[in-house]
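Naming convention: chains lettered A, B, ... in sequence-line order (proteins, then strands); numbering from 1 in each chain.
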Amino acid sequence: MTAPLDVPGSAIDAGPETVLEGADSSVIRGRSLGQIAWMRLKRDRVAMVGGIVIIVLILVAVFAPLLVSWFGHPPAEWHREKIDPAIQAPLGTFGGISKDFLFGVEPTTGRDLFSRILYGARVSLLIAFFATLLCVVLGAVFGMIAGFFGGWVDTVISRLMDIFLAFPLLVFALALGGVIPDKAFGMSGDTLRISLLVFIIGFFNWPYIGRIIRGQTLSLREREFVDASRSLGARNHVILFKEILPNLLAPILVYSTLLIPSNILFEAALSFLGVGVRPPTPTWGGMLAEAVHNYDVAPNFMLFPGLAIFVTVLAFNLLGDGLRDAFDPKAR
Amino acid sequence: GGGGGSTKKNGGDTAEAPASQYNAGVTQVVNPSTKTGGTLHMGMPGDFDSVDPGDQYYGYAWNFSRLYTRALTMFKPVPGEEGLQLVGDLAEDLGKPSDGGKTWTYKLRAGIKFEDGTPVTSKDVKYAVARSLDKEILPSGPTYFNDWLDNGDYTGPYKMKDKLDSWKGVETPDDQTVVFHLKKAYGGFDYFAMLPSTAPVPAAKDTGTKYKEHPVATGPYMFKAHELGKRIELVKNPNWDAATDPNRKQLNDSVEVLLGQNEDDLDQRLLSGKIDVKINSTGVGANARKTLLTDPKVKQYADSAPLDRTWFTNLNADVPPLDNIHCRKAVMYAADRSAIQGAYGGPDAGGEIALSLMPSKMTGYEKNDLYGVEANPGGDVNKAKEELKACNQPNGFSTTISFRVERAAEKQTAEALQQSLGRVGIKLEVKGYPQGDYFKLYAGKPDFAKKNGLGLMVYGWGADYPEGFGFFQQIVDSRVIRAAGNTNLGVKDPEIDKLIDQAAAEQDATKRNAIWASVDKKVSDDAFILPYVWAHGLFYRPPTLKNAFVSQNFGMYEFLTLSTQ
Amino acid sequence: MTTTNEPLLSVQDLEKHFPVTKGLFKRQVGAVKAVDGVSFDVFKGETLGLVGESGCGKSTTGRLVTRLLEPTGGKIVFEGRDITHMGQGKLRPLRRDMQMIFQDPFSSLNPRHTVGTIVGAPFRIQSVQTENGIKKAVQDILELVGLNPEHYNRYPHEFSGGQRQRIGIARTLALKPKLIIADEPVSALDVSIQAQVVNLLEDLQNELDLTYVVIAHDLSVVRHISDRVAVMYLGKIVEIADRKSLYSVPMHPYTNALLSAVPIPDPKARAKSERIRLSGDVPSPLNPPPACRFHTRCWKAQDICKTVEPPLEQLASGHHVACHFPENAPEPATKTAAATP
Amino acid sequence: MSESAFLDVKDLKIHFSTDDGVVKSVDGLSFSLERGKTLGIVGESGSGKSVTSLGILGLHRGKNANVSGEIWLDGEDLVTASQEHVRRLRGRKMAMIFQDPLSSMHPFYTVGDQIIEAYRIHHKVSKSVARKHAIDMLGRVGIPEPKRRVDSYPHEFSGGMRQRAMIAMALSCDPELLIADEPTTALDVTVQAQILDLMRDLQREFNSALIIITHDLGVVAELSNDILVMYAGKCIEYGSADDIFYRPEHPYTWGLLGSMPRLDREPTERLLPVKGTPPSLINVPSGCAFHPRCPYSDQTDGQSKAEVPALAPADPGHLVRCHLSRTQRRTLWENEVKPVLETQ
Amino acid sequence: MATYIIRRLIAAVMLLFVVSIATFAIFFLVPRLAGMSADDLASRYVGKAANDQMIHEAAVRLGFNDPLVVQYGRFVKGIFLGVDRNYGPGVEHCPAPCFGYSYVTQNPVLPDLLDRLPITLSLALGAAVVWVVFGVSTGVLSALRRGSFFDRLSMGVALAGVSLPIFFTGIVSLAIFRDQLGLVGDVADWVPFTEDPLTWANNLILPWVTLAFLYAAGYARLTRAGMLETMSEDYIRTARAKGLPERMVVVKHGLRATLTPVMTMFGLDLGLLLGGAVLTESTFSLPGIGKYAVDAINNNDLPQVMGVTLTAAAFIIVANLIVDLLYAVVDPRVRLT
Ligand SMILES: Nc1ncnc2c1ncn2[C@@H]1O[C@H](COP(=O)(O)OP(=O)(O)OP(=O)(O)O)[C@@H](O)[C@H]1O
Ligand SMILES: Nc1ncnc2c1ncn2[C@@H]1O[C@H](COP(=O)(O)OP(=O)(O)OP(=O)(O)O)[C@@H](O)[C@H]1O
Ligand SMILES: [Mg+2]
Ligand SMILES: [Mg+2]
């Protein structure tokens, strides 16, 4: 079969590389937009620092027991000998920082702050991750359905989102956290509290991402490739998941990274108001909430959890911002 | 009172604050002064349960309400032991018992008027007591009058509008005489007469639940403003007459209370002198504690005051193996009381290590150190192990410990017990419950405690008044145990109940006290309660605060005398 | 050019009204009459051009025919089957025979899919078995439209506009359709690229025996590729004829105006040309003028044009016009006679 | 290009530094224009037409743009002039009409306000005077009921009216140089015809110099005296309209002419497009930028790849940038290209 | 327009209904599902020394034994018709709209809320002014000097703002600015604006700044992104081509368009804040609605919680509505239907 072209074979001489100006043709061959975003991200040093910090944090959380066994003491172990019995403040400089106790100790109990911060990372990150996951899943599914089908489906889901947005979230979280009994849904203790927090945060936050996804879907729906797919006879779910969803991955990723920090802070706020995970399980928010009453007694007790939250939130924000720039062609 | 003039200028002459001494306020009046004028600034982390004298139960509320109301009797507003003495207030003198202690008669002082100038009569006292019976409208106050007065089926003037006269619990033979009729004899009735619910309330001005917006004053001050939950302002009561009131003065022009303050922030303002008194029962928080105890310049203005309060943990005999006394004793021996002392803030802010349940400062206290705590504040592991053997649990056992989740000290106590009992193999699972529901739904509900295996329940109790009955009855009398909302978390010993009855009826104070000491001992023997701290409060009195001392009774500064000039 | 008498696609009185709602209860207060009674036939192997100004309903017609929109009225018959209200499920197998090329080469290709996925999608969606696997089939098609088969794994953004349009065309060709509706296939492209694509479309038609409906607003492009041309104005076809007679003897005043408005790339032409200049813009399809919709801008309009809607009549062989006062009409007498009541 | 020309652009270079490298959007462009004359600039998308026009108005300064060369407007060099000075000239001495009139007008202000604003920057007059002027201008560009329409927002106008309003705005201060960047691309043919008529009339009336930028050769043919063909940031052919349409010398110009289906000639079977795609402006092909797409590059003895051809006169006033010799071009045009084009 | 507002208001009422039902369910349905009896619930609202009889009576009085629908119906009735309440010596009528009486303090809820509103209002509005002024101006400057040191620094500071929990920044700022430096007044010495505006502002400045620190970041970033986008719009080019001075181009043309999304966010944030800046009020001892909410929840005081929730939700809804209306005012392209 001969290609029915006026100048056979030559119409494609000028390579497609021309579109991506300046890039070496061999370098960009077969790169997806995701890969290009990754290339841009790699150049964004600030975002990369954020990313690296996050990876380190995750590793720290995962290997907390190991790290603690090397550099610290079990998180629940009391060290009264490190405490001035008169004022219950840690002995030694700045909360008793030493090579034995890298971040010093907690007032009163003398527990190793280093290991508590490390263990705290587990819960705080766990909650933030799963809550974000829940938000994203709910938000993406509902947002996509609302935006794609429109009509009454959209009306119902949009109103539902309005309702959730109209709930004073913190008030509700507090209320719900307060009335949940000790045992429920076949769970108890920390598992229940953590699941509950994940549920509260995720369940009440999804409309934010839902709205964004809905908006994006609305505009994606009008893109001609959707019509193209439909005119080929594709069914709705195929269009939704094969055509539209891949285009939503970028905003989902970006908003996830921006949601995680706000969820970390949310957990902290709930802990501060007393509906967080129950002691003695350490969480950053919980520690900070306690430390607020002890900032003079043990400044380290306030500083380190505060710093941990700050660094984590900052890292996620930086990465999120970087991702946004990387995915947004206009941001160049 | 006189005073007047420009009160704005603050002291002026002395740039340096007057020197003082740590704990001076515990035994003596600091900065005595009779100058008048100025505003006394008080600050409070939360709110009063109520400022309605018929509807309050907290020590600081009782302390505070005496600024504007007068009950039949009162504790003498002086420092030291003497402060535990009751004297007549509205009444000329203490009550006259008759009928073997079943009838108590009080004579009112002449010339006492309400803030609007109406004279106070015995009817107003009767009405006040009557309304306090209605726990639906006024739920917060103590139930002594409900429990002890010969009420028949009378439930108060709200539900039974016209039955007040036919109610025989309190009688008013004349305008100056109040007679109380009890169901059974009670020797310490003068303590009941001290309760703010005996402060007169004019029936015509009673607005039920809204009375707290403006309780009608008989004391030296009266309400000018009450922004619920936010602020209270008291001003001089023009119809208060010093001649009728030997115990009070009217030094301040006004008293202002800021409610709902952030505690740490309040401490800061107290230390900087912007606030004169902090209203709470345990004194300053951790941050201020450090400043107070480490900075000598500040420490001189601090008082570590002993309270009628013991911090303890109930050992629940409903939960095996704690039904076995040896297992309970193992816990008693193994507990590290000094760690717990730390949790409560150390010796000055938290309190002394308790040897037994009864606080040592209470009248009639007798030393009783059954478990050798004095020698081994960190616990006696060997003895504990022996007891475990005797209990057939040589390797220890597992149970649950509950605590009020909002209370950091109790949380740490639970953790400290988890640590120290762990030494002998007793494993504790730590569970926190919201303090609002702690007694109604969790630890104070025997069914729940049993079903959830709450073997240990962190707790603490302060006396309603510094007398054995006011301390013990609510926490060790098995007959007060109900389906829920208990204050006795499971001390069940018929012998103790018997001793309590004896003591209650006993008219002679010394004998009475001896019986209470034996109750204390019996409680130790039974090992139902693990006491660890006799509470102290660490209080701060700014150098500018005048006439400050710790009331032995309330375990905080006596509010009545405080002034700023 | 009409090879058989049986039309491949037949559209009769096709209508699409988009409702306009208002008020508390979303009452329908009107309708955008985007397509309002359009009829035409397309015969096998021919190319029908559809021209008109922006907003006159060309795309809507295209989307109705491919059943991306549900018609409000009228009838669409494809290969003898009435598909006007056929359900999407039943329609699915038919879609193999009828494909669409889209205007915007940027938005018509999913940026997250590789060329292979995009061009292979028809096979997957229609579960078509290919002899040597989908990849081989896709590569063959890529070659057919003048793309390098090695581009299989690349993403659309790596291609220029013309190349993307080729990818889009390749996708429509995958299932060897009988009819292709091309909605402004070249209007987003540069002149030189536009010519490449136009040539490609023509070559493919010869090679694969395709039938086209080409929608465009560029009259010269339409003339270049169409066998017959339909001119639309405000949701209606005002003139339809074979290319030659439409461009040489346009009968409807609007067609005349359109043709004379096209700038001629010949500096000498500007001096001698006498232009028909239409005043104003196309009226809104929400409130189209009554009767003859063109009367508001027509220099020949008379009272009758405001009251009586002219039917689409055949005035010469294969030349249909909807006008009371057509130009270049072969038998003006009959026409005027018919017009006078 | 005489020294006294009203607008004289000499060796204009506008380069942008981007992450990917330097974009040579305009690379050594020279032309001149007299008052009352019209210059048409044609070229493919991305060839640097818009950048040139914005460059003349001095809208590239700061940022990542690097402008060099000379732009003499009425005896002043705009490249070296102060930014503030150029700003004062903008709108008053030189004005611009943009392609998409909807996005080029501020959606939040009424059409009238936007014209008033333009007028009042350069004239110290009261609002009401400026408003009268605005109404007057709207009337002159053929907007019906200008008194009423002056208070309309851009989105309330149809495409054609918007473009008229844009023109009114541009002309409100009597500019001596008017640049129209694809003024009709977004419009329908019938409306395009109206606008082109309007522009021609107005130019006559105002006697301004007009640069019209487009890729539609038909539009250029209608309006222009001179035509400049741009390719990859460079002028590859410059001449009178007749030169370009009847005696084009550059293979790219041939390609452009061959790509266009024309209504004025009999249709042929095939169009004759330029093969390939436009080049990158970062990695401009070596030598003649057009050589990868040029069907005759093999007739230049390899020069086309090696050397950038100079813009050399073919006839007086007709400049071509091509390695092919004059005779080669003539022969090719006469023998190969023209016959094919003519048959169309 | 009018029908639009009516429609929105109807929707708002529906929304409030759903919110109230959900609140109600959380308070009564969840505990029920978790196995709490009516008496268990009631036991929270009787005095320390209540006996079983009293608890039971309380359950009856509070109507906890009734089916949930009846209980909810009572609440709704209270809102529309008011409630009669026995306050002891007599019965009083709490006129509609009555949110009922606190289970704990027995105060009527609505006056309490209204009483606290000025404080929350002062806090929220003051903070809003601070963050809008700082956030927006920082955003604009950053956008104009994109990539500069100032841009990086201000965005860094802004990020630090969102990354720190307010109870942390609150305490630290109190310690530094009030206790160490003595620069600002005491938040707790709340004075109404009408009494002494200067003291009012001086006392509130710290919470304003702290709260604003948290929000300014979002605004700075939003404004920056918006400005970057707007400044590349075609109409900005037109404005420059007209010869407008750069300052006018930025402010009149650029900022004006950018402010629309900023306004949306502002409306939502303000609406949320008016429902109670919970953490800020707790940290700074401000007896506003947020503090009230926390106390209400800690006390399981349903009528109070209901009141707060509905107030907060109403604020959010109204803020939303106002934003949408303003949108139409600011952007002539928007048509409300
Ligand atoms: N989904 C829709 N809802 C409401 N109106 C619509 C819809 N789609 C199209 N229209 C309207 O129908 C009319 C015809 O639109 P259509 O897209 O068919 O025009 P067109 O001829 O293709 O124009 P263009 O050349 O601009 O593509 C227009 O007025 C348009 O606004
Ligand atoms: N600010 C800028 N920064 C970097 N590159 C730019 C900038 N402005 C324009 N360019 C590049 O300069 C080149 C020329 O653009 P220009 O807008 O002049 O093209 P054009 O000829 O007007 O095309 P069109 O016909 O599409 O309008 C393009 O490749 C464009 O990407
Ligand atoms: Mg269209
Ligand atoms: Mg351009």
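Using a 4.5 Å cut-off on side-chain heavy atoms (C-beta onward), Asn199(C) and Pro273(D) make contact. Looking only at side-chain heavy atoms (C-beta outward), Ser259(D) and Asp190(C) stay at 4.5 Å or farther from each other. Between Arg223(C) and Pro261(D) there is no side-chain heavy-atom pair separated by less than 4.5 Å.
Using a 4.5 Å cut-off between heavy atoms, Glu44(D) contacts chain C through both its backbone and its side chain. If you measure heavy-atom distances from Leu217(D) to chain C, the contacts under 4.5 Å come from both the backbone and the side chain. If you measure heavy-atom distances from Val191(C) to chain D, the contacts under 4.5 Å come from both the backbone and the side chain.
A search for salt bridge (charged side-chain N to carboxylate O under 4.0 Å, His left out) contacts involving Lys244(C) returns nothing, not counting sequence neighbours.
When each of Val189(D), Val274(D), Asp197(D), Leu263(D) is checked for heavy-atom pairs under 4.5 Å with chain C, Leu263(D) comes out on top.
A donor-acceptor pair under 3.5 Å links the side-chain atoms of Gln196(C) to the main chain of Gly276(D), judged by distance alone. In terms of modelled atom types and a separation under 3.5 Å, the side chain of Gln194(D) and the main chain of Arg277(C) share no donor-acceptor contact.
Summarising the geometry, atom CG belonging to Asp266(C) is positioned 10.5 Å from atom CD belonging to Glu222(D); distances are rounded to the nearest 0.5 Å.
The interface of residues 252-263 of chain C with chain D, defined by heavy-atom distances below 4.5 Å, comprises Leu258(C), Leu259(C), Ala261(C), Val262(C), Pro263(C).
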